[in-house]
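This report refers to the structure that appears directly beneath it.
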Amino acid sequence: MPELPEVESVRRQLAPELGGRRILDAWWDPIPSVPREFVDLGLVVGRTIGGIGRRGKFMIAPLDEGLELILHLGMSGSFRFGFDDPYVRARLWLDDHRSLAFRDPRRFGRMVVVRRGEYGRIPALAALGPEPLSDDFDPDEFAARLQRTSSPVKPFLLSQRAVAGVGNIYADEALWQARIHPVSRRVGRDRAYALHGAIKEVLAAAIEREGTTFRDFQMVNGEAGRNATFLVAYGRAGHPCPRCEKPLRKIALGGRGTTYCPHCQRR
DNA sequence: CACGCCTCCTGTGCGC
DNA sequence: TGCGCACAGGAGGCGT
């Protein structure tokens, strides 16, 4: 469930704790059931963490010696200090006598060490679209990309190629706000501009509330995000649309649950 | 190249 | 009470 706002909230809590720390030792699940869950993680031992940045749903921690630690929370990942339970898949011991546990019940997360900027082994990062809350997210470029694809608009948003960090929750929210049907394959210039603005607004508001906790997302301090009660579309099928009062409908789209308003959101 | 479907994981919640 | 199954979902792989 962690999308851009959740990852950014984790990053903001993690950054001041990890910046400048040296990693004394590392442990990870010796028999990962997912082959690429932990790649070259042993290379972090002895390295110093320069800080933590973020691209889309990836956290990127520069290390010395020209290395980078790439962190992805997957669906159920979280970081906690000094924490232990059966779902802790990896742990880093730091030079301030604390250990950072990576907990990931569903094993969709990843911790990978690469040479700085070399993302060949992480194609999703290599092909990632622009950051939605930066000037790189250009409305005209976004509109052009939407015009170029033949995919329905929601799966295209989830592909991360036109914009980084939008997942299932915020795709539904942004499409509702922009009044665009999730199955729409024709998103013209004006509606692309509306969607561009909606994505920025929805993500910025969620970051303000430290993300959405629907079930199990939690931050480094163990607290939940406060955005769930502000959701308008996601998880609210059958409830009245806040704009037109007609019930929201849920469909499957590309294997993903998708909630929208059949009255307000037109193809 | 791009699209769309399937798979990877495991806990939860539902219906019977 | 217990069983089986659908579902949650980001990303990667593969077939068309």
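Naming convention: chains lettered A, B, ... in sequence-line order (proteins, then strands); numbering from 1 in each chain.
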Note: A:Arg226-A:Glu208 ion pair, threshold 4.0 Å (strictly below):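 Salt bridge flag = no for A:Glu208 with A:Arg226.
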Name the pairs: protein N/O against N/O of nucleotides 12-14 of chain C, kept only if under 3.5 Å.
residue: C:dG12; atom: OP1; partner: A:Arg110; partner atom: NH1; Å: 2.9
residue: C:dG12; atom: OP2; partner: A:Ala124; partner atom: N; Å: 3.2
residue: C:dG13; atom: OP1; partner: A:Arg36; partner atom: NH2; Å: 2.3

Rounded to whole angstroms, how far apart are [atom1] on [X] and [atom2] on [N]?
X        : N      : atom1 : atom2 : result
A:Leu128 : C:dA11 : CG    : P     : 8 Å
A:Glu37  : C:dA11 : CD    : P     : 15 Å
A:Phe214 : C:dG10 : CZ    : P     : 13 Å
A:Tyr170 : C:dA8  : OH    : C1'   : 16 Å
A:Arg256 : B:dT7  : CZ    : P     : 13 Å
A:Leu157 : C:dA11 : CG    : C1'   : 16 Å
A:Met75  : C:dA11 : CE    : P     : 13 Å
A:Arg107 : B:dT7  : CZ    : P     : 20 Å

To check you understand the geometry: which heavy-atom pair defines the closest contact between A:Asp95 and A:Leu24, and what is its length?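 It is CA-CD1, 3.8 Å.
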Please list all pairs passing the ring pair (Phe, Tyr, Trp, His ring centres under 6.0 Å) test where one or both residues lie in [range], with sequence neighbours left out.
range                       : answer
residues 237-267 of chain A : A:His181-A:Tyr260
residues 40-78 of chain A   : A:Phe58-A:His72
residues 75-97 of chain A   : A:Phe79-A:Phe102

Would you list the pairs meeting salt bridge (Lys or Arg N to Asp or Glu O under 4.0 Å) in which at least one residue belongs to [range], sequence neighbours left out?
range                       : answer
residues 257-267 of chain A : none
residues 187-201 of chain A : A:Asp140-A:Arg189
residues 54-70 of chain A   : A:Glu8-A:Arg54, A:Arg47-A:Asp64, A:Arg47-A:Glu65, A:Arg54-A:Glu131, A:Arg55-A:Glu131

Can you list everything that forms a side-chain contact (heavy atoms from CB on, under 4.5 Å) with A:Pro139? Sequence neighbours excluded, please.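 In terms of side-chain contact (heavy atoms from CB on, under 4.5 Å), with neighbours along the sequence ignored, A:Pro139 is linked to A:Tyr193, A:His196.
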Shorter than 3.5 Å, N or O on both sides, protein versus nucleotides 3-5 of chain B: list them out with atom names.
residue: B:dC3; atom: OP1; partner: A:Thr149; partner atom: OG1; Å: 2.8
residue: B:dC3; atom: OP1; partner: A:Ser150; partner atom: N; Å: 3.3
residue: B:dC3; atom: OP2; partner: A:Arg161; partner atom: NH2; Å: 3.0
residue: B:dC3; atom: O5'; partner: A:Ser151; partner atom: OG; Å: 3.1
residue: B:dG4; atom: OP1; partner: A:Arg185; partner atom: NH1; Å: 3.1
residue: B:dG4; atom: OP2; partner: A:Ser151; partner atom: OG; Å: 3.1

Show every donor-acceptor pair shorter than 3.5 Å between a side-chain atom in residues 250-258 of chain A and any protein atom, with sequence neighbours excluded, or say none if there are none.
residue: A:Thr258; atom: OG1; partner: A:Lys154; partner atom: NZ; Å: 2.9
residue: A:Thr258; atom: OG1; partner: A:Arg256; partner atom: O; Å: 3.2

Taking only the side-chain nitrogens and oxygens of A:His72, find out if one of them lies under 4.0 Å from OP1 or OP2 of C:dG10.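 Checking A:His72 against C:dG10: no side-chain N or O falls below 4.0 Å of OP1 or OP2.
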C:dA6, OP1 or OP2 - any side-chain N/O from A:Lys250 closer than 4.0 Å?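 No, no such contact exists.
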Got a list of protein N/O to nucleotides 11-13 of chain B N/O distances below 3.5 Å?
residue: B:dG11; atom: OP1; partner: A:Tyr87; partner atom: OH; Å: 2.5

Please identify each residue that fulfils side chain to side chain donor-acceptor pair (under 3.5 Å) with A:Asp104, with sequence neighbours left out.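 Partners of A:Asp104 by the side chain to side chain donor-acceptor pair (under 3.5 Å) criterion, ordered by chain and then number, come out as A:Ser76.
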